[in-house]
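Working notes, structure below.
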Amino acid sequence: MSRLLQRIEYSSGQRRRYGRRCRRPNNNSMMKELLWFSLSASLSASVQSFHLSPFQQAMPPLSTHPLHSKASSRKGRRGFGLGHPTSKKVSYPPIHLDEVDDDIDSQIFPLQDDLEQQLSTYTTANHNNNNNINAGARVSEFLSNIPRVLSPPPLVSSTQEWRKLQRHAAQTIKSTHLRELLQDPVRCDAMFAEHDGVYFDYSRQQVTLETMDLLFDLAEKQELTKRIQAMVNGEKINFTEDRAVLHTALRASKDKIGTVFVDDEDAIKEVHDVLDQIKQFTEAFRSGHITGYTGKRMRNIVSVGIGGSYLGPEFLHEVLKTEEEGISSSLGYSLRFLANVDPVDVERTCADLDPEETLIIIVSKTFTTAETMLNARTMRQWLWDFMGDDIDVVKKHVVACSSVSATENVKAFGIDTDKYFFRFWDWVGGRYSVCGAAGAVPISLLYGFDLFEKFLEGARSMDEHFINAPMRQNIPILMGLLGVWNSSFMGYNSRALIPYAQALLRLPAHIQQLDMESNGKRISRHGIEIDYPVGEVDFGEPGTNSQHSFFQLIHQGQTIPVDFLGFVQSQHDILIDGEKLSSHDELMSNFFAQPDALANGKTADEVRAEGCAEDLILHKVFDGNRPSSSLLFPQLSAYVTGQILSLYEHRTAVQGFIWDLNSFDQWGVELGKKLAIDVKDHLTKARYDPKQQPVDIPDAPATSRILNYYVKNGREATENGIGVSVNPLTSVTRKTYREHIPPPIHDLGGNVGKLS
Ligand SMILES: O=P(O)(O)OC[C@H]1O[C@](O)(CO)[C@@H](O)[C@@H]1O
């Protein structure tokens, strides 16, 4: 096999996917696919190198072969080949890979041997013209058999399971109103699942028991359980980056050490080594053993990072801010996030901070992200402006949370990589990293390590449920299947996440990145352009604020499935004199009322019965039939936040598995990064070299025009005449800080947060 692979000339996409670094996969379907590539590429390479005119007579032209990729895909590259059917227009042969027995070796390797034999026969025959036709015919016959066994799997949309769901949606569900479905007590009782205090009710989704059966069949067909296992066992399912996907290892307990390995490294042991390091650092920081450059205790924390290196930690911070233990443990400390490269975000972040008391955390997996690195340099300059241009200022005031492979860059920045560097690994995607150092360092420094551990415990509880619970009771699987149903079968391409908890105000933003970066894709994991809708627009705001904002559209405009999140108890309930219900009860009344309003709507007769004027009736009618799920949790704590995080991470994974996507890469974001680099080049020239004006970007007249407008109108007269508008870096901040009158000293009598 490897011998064959090595002499294959891959097209560029195939090389990335199955290049020489690729080990023999232990997944049979991938193995089959690999063989498919190898045989087709090998055969075509051989055919080409022998210049076989008899072949060409005996065989149908390769370009008309059903498995031939778009004719142009190999032109001008390395000859021709069968290629991969990248086009959805390719018609597949009747027998598919997944119909082949799992005993791959016994089926494929004889074929491979046969192929080699055929080619060698031909090589010999080629020297003897009389045999050409026979050899050609034999190879041709062999070739025509290859697709019967080695074609790649079809798109999920062409499976029977998918088609049944399509028919079911069109013939049954789209003509059934939720109002009717909600009258069926058996159905309603069945559409409920519970785990460790989490109550999930999906009876207001536009589904019947039959729908769910069909969805479970689809999940079986897509080998969902097997794929979940592959993920949590550390298989490299993020194949475009050749990485495992192990955010579950970030919260695995110590007794799981020795159970998950990536490239022979014990992943869970690595995780606990770093957690121990963070715990020790936290204790030293919070007890005052670690001080700043001028000897002052540090109590302000600024976390610099963007995307997944920011949204998760910020969402968790917002929850803990008002959590009972969080309030007391954070007394005397502050935590802020700096994400946007907008200089105003710098100003907002450090306006009233004393740099001598401030620790900067740079959170960047790659340690190269342009926005984060500029903000990191800016914050370093801010420290230097106040305390002097000394590298020890950086050593005392800056820590890094980054991947092991970025160690040299971290060191070059001036950070003490022995003590002030907390690593994570390639097998943690940025948007899945809040349980690693990215979240652990800022959150533990502010709230103490114990509270962060509770968050990990909650996530672990939901992970275990996800891995072990049967599908019908498995909350993340149910949520994922309903996501697929709503998006791919019901045609709803947005969904809202409405937490009835102000402390979850940043949850929607985090889930938005998590899900949209994961499942906003167009190519299946088999390298085929998909022909079914995937990915949703995720958005949300806390209820009831959202009701007074975009709920008009949800009630009477488009149909947008909603997840309602509510809590049995508030973090801080209030019942003032004269009120019958507490404020939390008032809030939760909305949580209970909205799903029914969306599902049932209001008919014209009901509106009329309320005494509405005839000409207004239609305006006040609500069609209803709008789906939602309700999730009820005990109280918003660190533990429950871990559960919520894990729920949504796994919902995304489930949808990606069903849709046959790689949910763990993000090539789309790379384009934006490259484009910004080009523009920066032009802008730099325009700013510093008047001869380069006006800007003229080839083939981009509109961009050139607006860029010129920006350059021309943004100028301020400067001494050197270049016309660059620059503020001294920290002048605004310095002034604000100096003039700032600090609030009265807090009561620092909190637990570990006590300052001496
Ligand atoms: O942690 P890094 O490497 O700075 O990347 C930040 C973010 O940028 C992205 O790559 C793209 O936005 C995210 O996936 C990631 O969370």
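First listed ligand is number 1; within each ligand, the first listed atom is number 1.
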Quiz: residues 432-446 side-chain donor-acceptor pairs under 3.5 angstrom, not counting sequence neighbours:
unit_1, atom_1, unit_2, atom_2, d
Tyr432, OH, Ser518, OG, 2.8
Ser433, OG, Gly430, O, 2.6
Ser444, OG, Ala440, O, 2.6

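A salt bridge links Glu314 and Arg506; the closest N-O separation between the charged side-chain nitrogens and carboxylate oxygens is under 4.0 Å. Ion pairing of Asp263 with Lys236 is present here, as a side-chain N (NZ or NE/NH1/NH2) and a carboxylate O approach within less than 4.0 Å.
The line from CZ of Phe664 to CG of Asn519 is 8.0 Å long, rounded to the nearest 0.5 Å.
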Show the short N or O contacts, below 3.5 Å, that ligand 1 makes with protein N or O atoms; if there are none, say 'none'.
unit_1, atom_1, unit_2, atom_2, d
ligand 1, 1 (O), Ser309, OG, 2.7
ligand 1, 1 (O), Lys365, N, 2.8
ligand 1, 3 (O), Lys365, N, 3.4
ligand 1, 3 (O), Thr366, N, 2.9
ligand 1, 3 (O), Thr366, OG1, 2.6
ligand 1, 3 (O), Thr369, OG1, 3.3
ligand 1, 4 (O), Ser364, OG, 2.6
ligand 1, 4 (O), Thr369, OG1, 2.5
ligand 1, 5 (O), Thr369, OG1, 3.3
ligand 1, 12 (O), Glu517, OE1, 3.4
ligand 1, 14 (O), Glu517, OE2, 2.5
ligand 1, 16 (O), Gly308, N, 2.8

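At a cut-off of 3.5 Å, with distance as the only test, no side-chain donor of His247 or Asp463 sits close to an acceptor on the other residue.
Classified by interplanar angle (parallel below 30°, tilted 30° to 60°, perpendicular above 60°), the ring pair Phe452/Phe455 is tilted.
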